[in-house]
Every structure is written in C-alpha cells, then in structure tokens.
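All remarks here apply to the structure that follows.
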2 protein chains.
Amino acid sequence: MPSASVQNYLKAIYQLQETCETVTTTALAQHLDISAASATNMIKKLARLKLVRHSPYHGVELSTAGEKMALEVIRHHRLIELFLAEALGVPWEAVHAEAEKIEHVISEDLEDRIADFLGDPGRDPHGDPIPTKTGFVERPAYQSLFDLNAGQSAVIRRVSDQNPDHLKHFFKLGLIPDATVDVVQREPFQGPLRVRVGSGSEHTLDETLARSIWVTLSATQKKLFKAKK
Amino acid sequence: MPSASVQNYLKAIYQLQETCETVTTTALAQHLDISAASATNMIKKLARLKLVRHSPYHGVELSTAGEKMALEVIRHHRLIELFLAEALGVPWEAVHAEAEKIEHVISEDLEDRIADFLGDPGRDPHGDPIPTKTGFVERPAYQSLFDLNAGQSAVIRRVSDQNPDHLKHFFKLGLIPDATVDVVQREPFQGPLRVRVGSGSEHTLDETLARSIWVTLSATQKKLFKAKK
DNA sequence: TCGCAAATTTAGTCGCGACTAAATTTTTTA
DNA sequence: TAAAAAATTTAGTCGCGACTAAATTTGCGA
Ligand SMILES: [Mn+2]
Ligand SMILES: [Mn+2]
Ligand SMILES: [Mn+2]
Ligand SMILES: [Mn+2]
C-alpha cells in the first residue's frame, strides 16, 4: 500500500512516458507542481522501492512493478470519473479533480463494484482508455486535431481532462468523444483552426485548444488518403 | 480545510461526548487507537485552533466551531455509507470502513449530489441520524437492548457500526433498524439475553452484542408502562 | 574545445502527526 | 492523610513529503 504521494508520482511518470520516452526530473516537477528537488527526492525513493529505474541526471523510467502500480491508480481514477458522471451527474469538467482524491482511498472491492455497476467500461468521460484489472491498457494512435489540414474530417476520440475551463468550453461546443469535426479553414504559421462540429455550428480553436483534442480521420478521409498513394 | 487527522479527532470527540459529558485524553486515545501523548498533542493543536476547550488534566470539549466541523464530517460519513449501500450494494458491515476514508476527500458539491441522489435521507444504514447541511442532528433517546426485561417488546432503531463481524451477525439474525424484537428470556447477573426477531426465530445475545443495539419500546409496551403508573 | 547556462542533485530545514520515555498532576486506596 | 497508582503532559525523536539555497553535472553554442 503505497502512499497517495507515491501513487501520484507513478501516475505522473506514466503519463509523461506516453509522450516522451524518458522522463526528466524537471518535467515531473512541473507536471506535479512541486520543486525539482522534491522530485529528485521522491525519484530516489521510488528507485529504492524498485518502482522506477533512475539514471541520475538523465531521467527516470517506470519498472514493470511501477507501471503496474501506475495502471492500478489510473484504473481507479477513470472508473471514478465515469461513475461520478453516470451515477451522480457530476459534470465532466469536475470529475477529474474529484477522482484525483478519491482514487487513493477506495478498496479493491469498491473498485470492482464500480466497474460492475458501469458494465466494465472501456473509456472514461474524456475518452481515455480504462486499464483492465490485469493491467492491460489500449494505446491507440490518435492524432491531434491541430495537425489536420483544411478539408479533413475526423472523429473526436479523446480530449485532455487537465483544464476544467477548456472542458466546459469543449462541452458547450459539442467537442466531445465520438463527435465528428470538419476542418473548415486552417490559418498558416500555427494559426487558429476553424471547425464545423457535426453538421452544425462552426467554431475557431487556437493551438492550445486544438492540441487538447485527439482524433482519428473519418472513414472517407482514410480512403482518400489511400487513393492518393 | 482541516486535515483528515483533525477531522477524525473532532469526530471522535463528538462521538465520545454523546455518552460522557467531558472527554478524557485516554478515552480519545483509545477510541482512535493512538498513544495518549499523541492525543494530548492534537488536543493542544485543536485548542489553538479554537475547535475545543481544553482543561489540562481534566478533559476536552468541542467548541461551537468544533462541533459544527465534526457534524460536517459525520454528515459526509453517513451519506457515503448510505450511498455505497444503495447505489453499489456494498454490504452494511463494509460501508463504515470505506466511508471512514472517503469522508475526507469529497467536495461540498459531491456531498450535495449524494444527498440529492438519496433524497435527503435522515438515517444511515445502521440507523444513525444524518446531520443536516446546516448542522442540526437528531439526538433520539434510545435505550440499549441489554436494558430490557423479559417479556418486553421493542423496535430496533440503531446498531453500532464499529464491529464488522457483529454487523454481519446482526444482519444474518435480522437485527436491523425497524425490526421488532421480543425479549423472551433474561438471565440474571448481566447474563445473556434471548430474543425473538419479528415473529420468527429466537437467538441468544451476550452483553456486548445486546449493548450494541438501541431500541424504543413498541407502542403496546409504552401503554402498559403508562398503565402501571 | 571551452565556458556558460540549464538541469539536476545535495544539503539542510520545516510542518505534520505519530512514537517512547520521563516528569507531573490527579485520584485512589490503605 | 500519605503513599501508590493512574492519568496526563512534557521532552525528545522519527518518517514523510514538501521547501530553499548551494553544489554539481550536463550539454550547447561560440
Ligand atoms: Mn491523485
Ligand atoms: Mn479523464
Ligand atoms: Mn475518517
Ligand atoms: Mn453508520
């Protein structure tokens, strides 16, 4: 039974590993909003516990045990998010903060009951995959909405749950998992993006927002892409 | 936002005050399963925070602010117990341990949603009254099942949720709030008690068990009592 | 390749909430 | 009512997880 702190560190390292192969002390510190010295401290502790491999000055990497533990916390987190949304109607921009605390205090039995209640769901409200009890998790290769070109059409698969204000905005615009978006216009030089949501309203998204949304190209698009080749 | 420790101490003091007027350091320490020195330490901190009045060597008493805070935690605890039982089918002997941890991490908004979901309930699964949001709580004058005499009939109002094994046993025997019990036989000298549950099976309860069940005399009994006078 | 800036680690400290051992106060009992 | 016992507080320590300031290492640009 690792402390809530250890759990949060492992989760953070896991999440950072999803983008960068090796996680730096500074990245970890920034992600958790603590000092770099504190991060070093905990990294050394995690290394002592064989939950990470630490190459001093060069970064940190989860061990098999560490990754397993991270996935357990993430499973708790995402199940709780979905449960709060489904059972209690907690709005999707609020579930993350709530789950961030509850994830550390529920028993395995409660975890199982929640999973059962939800029918063993595969995704949390933001489209993030929920790891299985056995520690397996999907790693779908999505692309950022920001990387699309004008004229392309895509299906939203996941949105970042880090910023409640962004989430609220996305919800209002209908930018939620499974929604269809067409890139109407694309400004050059990392400029903003104009999208049509479903077959309805059009909205402008700046880089930060567009980078918080991950999509897959819709079927017709993929065909087109193949044809070009 | 007081720490979970502070919350647990306040709750413990509140619960001890329900029986003894003034709470001793030792009683508090035993209740929380910590050393007396640790209790003294925290008592001094709570006194500094104006949450208790401390008369050194003589005991501790909640201030108005301390009682209010205790009731907030207790409200969380009992709402969570009932919610886990109702929404997820967590058995009544398990809800207490689970709520003991979750009570410290839910937001006010989540508290409200849970209360709403449950229809603003008055009692937790063990029959304990749930304080209102405004800090009001019933203080019904029940009597212990152990204090009844042979021939008396009563309705169970509340059972102690402290011991999961006892709770499991009570449940198996049908000794739950609103059940009717008749005292069939009463051994002298604090001896065990024989009761009929509902109009069904008979069971024997020793002192500890019988003292964990609180009842009100059933209507007919009260009449009899009046008549005698 | 050298020097500098950035990243990282080390050293030392703090608050929290626990502990044990010892001192003190209160209560009980002979 | 004085001594013994019990309860309580004080004194000092510890692990945890944070911090700042200082030292060290790394890597990059001139
Ligand atoms: Mn967390
Ligand atoms: Mn999420
Ligand atoms: Mn608690
Ligand atoms: Mn209860």
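Chain naming here is simple, since letters A, B, ... match the order of the sequence lines and numbering starts at 1 in each. Predicted model only: the values in this text are computed from it and were never measured.
- Of the candidates A/R75, A/R78, A/R158, A/R78 is the only one forming a side chain to side chain contact (heavy atoms under 4.5 Å, CB included) with A/D124.
- Atom CZ in A/R48 sits about 11 Å away from atom C1' in D/dG15, given to the nearest Å.
- For B/S35, counting side-chain heavy atoms from C-beta on, the closest listed nucleotide (C/dC19, C/dG17, D/dA18) is C/dC19.
- Of the candidate nucleotides D/dT9, C/dT9, D/dG17, C/dT9 has the atom lying nearest to any side-chain atom of A/P56.
- What separates OH of A/Y57 from C1' of C/dA6 is a distance of 12 Å, to the nearest Å.
- Atom P of nucleotide D/dC16 and atom CD of A/Q7 are separated by 15 Å, given to the nearest angstrom.
- In this structure, A/E100 pairs ionically with A/K11, as a charged nitrogen and a carboxylate oxygen lie closer than 4.0 Å.
- Rounded to a whole Å, the CG atom of A/N8 is 17 Å from the P atom of D/dC16.
- Across the protein-nucleic acid pair, B/H104 atom NE2 and C/dG17 atom P stand 12 Å apart, rounded to whole Å.
- A sub-4.0 Å separation between OP1 or OP2 of C/dA18 and a side-chain N or O of B/S5 is present.
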When you look at A/E111 and A/K133, which way does the salt bridge (Lys or Arg N to Asp or Glu O under 4.0 Å) test go after all the steps? CA-CA 9 Å; A/E111 172 196 322; A/K133 189 103 183 162; 3.4 Å; yes
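- Atom CD of B/Q30 is separated from atom P of D/dA7 by 8 Å (rounded to the nearest Å).
- When distances run from any side-chain atom of A/K44 to the nucleotides C/dA18, C/dT10, D/dG17, the shortest one goes to C/dT10.
- Side-chain N/O atoms of B/S38 include none lying less than 4.0 angstrom from OP1 or OP2 on C/dA18.
- An OP1 or OP2 oxygen of C/dG17 is reached within less than 4.0 angstrom by a side-chain nitrogen or oxygen of B/S3.
- Side-chain N or O atoms of B/E98 include one that pairs as donor or acceptor with a backbone N or O of A/S107 at under 3.5 Å.
- In this entry the distance linking CD1 of B/I34 with P of D/dA7 reads 16 Å, nearest Å.
- In this structure, A/H58 reaches the D/dG27 phosphate: one of its side-chain N or O atoms is under 4.0 Å from OP1 or OP2.
- The CG atom of B/L32 sits 12 Å away from the C1' atom of C/dG17 (whole-angstrom rounding).
- Taking every side-chain heavy atom of B/Y9 into account, C/dA18 is the closest of D/dG17, C/dA18, C/dT10.
- Nearer to the 5' terminus of DNA chain D, by closest-nucleotide assignment, is the contact made by B/A36 (compared with the other of A/A36 and B/A36).
- Closest contact between the side chain of B/N41 and the listed nucleotides D/dT9, C/dT9, C/dC19 involves C/dC19.
- For the atom pair CD of A/Q143 and OG1 of A/T216, the computed distance is 8.5 Å after rounding to the nearest 0.5 Å.
- When distances run from any side-chain atom of A/A37 to the nucleotides C/dC16, C/dA11, D/dT10, the shortest one goes to C/dA11.
- Looking at the side chain of B/H54, the nearest of the listed nucleotides D/dT9, C/dC16, D/dA18 is D/dT9.
- A salt bridge links A/E138 to A/R123: one of the charged nitrogens lies within less than 4.0 Å of a carboxylate oxygen.
- B/A39 comes within contact range of no nucleotide atom at all, as no heavy-atom separation falls under 4.0 Å.
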